[in-house]
Amino acid sequence: MLKTLKEDIEVIFEQDPAARSYLEVILTYSGLHAIWAHRIAHALYKRKFYFLARLISQISRFFTGIEIHPGAKIGRRFFIDHGMGVVIGETCEIGDNVTVYQGVTLGGTGKEKGKRHPTIKDNCLIATGAKVLGSITIGENSKIGAGSVVLKDVPPNSTVVGIPGRVVVQNGVRVNKDLNHCDLPDPIADRFKELEAEIEQLKTQLEELKKGTVNHEHSSV
C-alpha cells in the first residue's frame with residue numbers, strides 16, 4: 001500500500017512540471033487527495049462497508065471536486081491533472097499509468113445494467129472535457145482528444161477526436177490524412193444543413209404548386 005501511495009506522488013513529478021516539492025504535492029494537489037481517498041474507500045467497498053465507502057467518497061468529492069465511485073477499480077500511477085469536474089463511475093476499470101484531465105467523465109449511458117462503465121487500459125490519456133460512456137474498452141496507449149464523446153470501443157495505440165469520437169490515428173498512421181481541426185464532426189451543423197435542404201425542397205414544391213394553379217386558371221379562361 002505504501003509503495004502505491006509513493007508511486008501516486010512520483011507520477012505527479014513526472015507528469016506535471018509545476019510540481020516543486022513533496023510537501024507542495026501532498027498538501028495542495030486535489031487529484032492526489034481524490035486518489036488516496038478513493039484507495040481507502042475502495043478497500044472498504046471490497047469488504048462490503050458500502051455506506052462508509054460512499055461517505056468517504058462524498059467527502060472527497062466535496063473537498064476536491066472529483067467524484068470517484070468507491071466501486072471503481074483504479075490501477076497504479078493514476079494521474080488526475082487539475083481534476084475539477086472529473087466523474088468516474090462504479091463499474092469503471094482503469095489500468096496502470098493512465099492520465100485524465102479536468103472535466104472528464106467515465107460514465108454510463110443510463111441504459112445498461114451490470115458492467116455499464118468503460119474500461120481504460122494501460123498508458124491511456126483522456127484530455128480535458130472528454131466523455132467516455134458505456135461498457136466500452138479504450139485500448140492500451142490510446143489518447144482521447146479534448147471534448148470528444150466516445151461511445152464505441154477504441155483499438156490500442158489510437159487517437160480519437162470528435163463528437164461522436166472517431167479514430168484519426170492508429171499505430172502512428174493517420175486514418176484520414178486530410179482531417180484538420182476545423183473538419184471535426186459537428187452534428188449540430190450537419191442538422192442545420194439537413195434542415196436547409198428540406199426548406200429548399202419545400203420551396204421548390206411550393207413554386208411548382210403555384211405554377212400549376214396559375215396554369216389551371218389560364219386553362220379555365
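What you are looking at is a predicted structure, and each value in this text was computed from that prediction instead of being measured.
- Side-chain atoms of His69 and His117, non-hydrogen and from C-beta on, never get closer than 4.5 Å to each other.
- Distance check, rounded to the nearest 0.5 Å: CD1 of Ile126 to CD1 of Ile94 gives 7.0 Å.
- Ile12 approaches Tyr29 most closely through the heavy-atom pair CG2-CE2, 3.6 Å.
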task: For the pair Ile74 and Ile68, evaluate side-chain contact (heavy atoms from CB on, under 4.5 Å) and give the outcome as yes or no after the intermediate values.
output: CA-CA 10 Å; Ile74 297 177; Ile68 308 175; 3.9 Å; yes
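- Nearest heavy-atom pair, Lys131 versus Gly129, reported as atom, atom and distance to 0.1 Å: CE-O, 3.3 Å.
- Leu202 and Leu195 end up in different hydrophobic clusters when Ile, Leu, Val, Met, Phe, Trp and Tyr side chains are linked at under 4.5 Å.
- Shortest non-hydrogen contact noted between Leu151 and Ile136 is O-CG2, 3.5 Å.
- Checked against Asp8 for a salt bridge (Lys or Arg N to Asp or Glu O under 4.0 Å), the options Arg39, Lys3, Arg76 give a single hit: Arg39.
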task: Could you check Gln15 against Asp81 for side-chain contact (heavy atoms from CB on, under 4.5 Å), going step by step and ending with a plain yes or no?
output: CA-CA 9 Å; Gln15 298 282 355; Asp81 198 2; over 6 Å; no
Compile the donor-acceptor pairs under 3.5 Å between side chains in residues 40-49 and protein atoms, sequence neighbours left out, one pair per line.
| unit_1 | atom_1 | unit_2 | atom_2 | d |
| --- | --- | --- | --- | --- |
| His42 | ND1 | Pro70 | O | 2.8 |
| His42 | ND1 | Ala72 | O | 3.2 |
| Tyr45 | OH | Glu90 | OE2 | 2.6 |
| Arg47 | NH1 | Ala43 | O | 2.9 |

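- Val161 and Leu125 are members of different hydrophobic clusters when ILVMFWY side chains are connected at heavy-atom separations under 4.5 Å.
- Residues Asn141 and Asn157 have side chains that bring a donor and an acceptor to within less than 3.5 angstrom of each other.
- At distances below 3.5 Å, not a single donor-acceptor pair connects side-chain atoms of Asn97 with backbone N or O atoms of Asp122.
- In this structure, Arg61 contributes its side chain and Ile59 its backbone to no donor-acceptor pair below 3.5 Å.
- Ile26 and Phe13 fall within the same hydrophobic cluster, where Ile, Leu, Val, Met, Phe, Trp and Tyr residues are linked whenever their side-chain heavy atoms come under 4.5 Å apart, directly or through other members.
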query: Checking side-chain contact (heavy atoms from CB on, under 4.5 Å) for the pair Phe78/Thr4: CA distance, chi angles, key distance, verdict?
result: CA-CA 10 Å; Phe78 180 52; Thr4 301; over 6 Å; no
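- Between the Ser142 side chain and the Cys124 main chain, no donor and acceptor come within less than 3.5 Å of each other.
- Taking CD1 from Ile88 and NE2 from His38, the interatomic distance works out to 7.5 Å, rounded to the nearest 0.5 Å.
- Residues Phe79 and Ile35 are not in side-chain contact: their nearest non-hydrogen atoms beyond the backbone lie 4.5 Å or more apart.
- Between the CD atom in Glu198 and the CD atom in Glu196 there is a gap of 11.0 Å [rounded to 0.5 Å].
- A donor-acceptor pair under 3.5 Å is absent between the side-chain atoms of Ser60 and the main chain of Ile56, judged by distance alone.
- Between Gln58 and Arg54 there is a side-chain heavy-atom pair separated by less than 4.5 Å.
- Residues Gln102 and Val86 approach most closely at CA-CG2, 4.1 Å, considering heavy atoms.
- The side-chain heavy atoms of Leu32 and Val25, taken from C-beta on, include a pair separated by under 4.5 Å.
- Within 6.0 Å of atom OH in Tyr50, more than 12 heavy atoms from other residues, nucleotides or ligands are found, so the atom counts as buried in its surroundings.
- With hydrogens and angles disregarded, a donor-acceptor distance shorter than 3.5 Å links the side chain of Lys115 to the backbone of Thr91.
- One hydrophobic cluster holds both Val98 and Val160 under the rule that ILVMFWY side chains link at heavy-atom gaps under 4.5 Å.
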- request: Decide side-chain contact (heavy atoms from CB on, under 4.5 Å) for Thr204 and Glu207; before the verdict, give the C-alpha distance in whole Å, the side-chain angles of both, and the deciding distance to 0.1 Å.
  value: CA-CA 5 Å; Thr204 302; Glu207 290 297 324; 5.8 Å; no
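- Just one of Thr105, Val150, Leu106 meets the side chain to side chain contact (heavy atoms under 4.5 Å, CB included) condition when paired with Leu133; it is Thr105.
- For the pair Val100/Ile120, no side-chain contact is recorded, criterion being any heavy-atom separation below 4.5 Å from C-beta on.
- Between Ile138 and Ile144, the closest heavy-atom pair is CG2-CD1, 4.1 Å.
- Heavy atoms only, all atoms of each residue included: Gln170 and Ser158 are closest at CG-OG, 3.6 Å.
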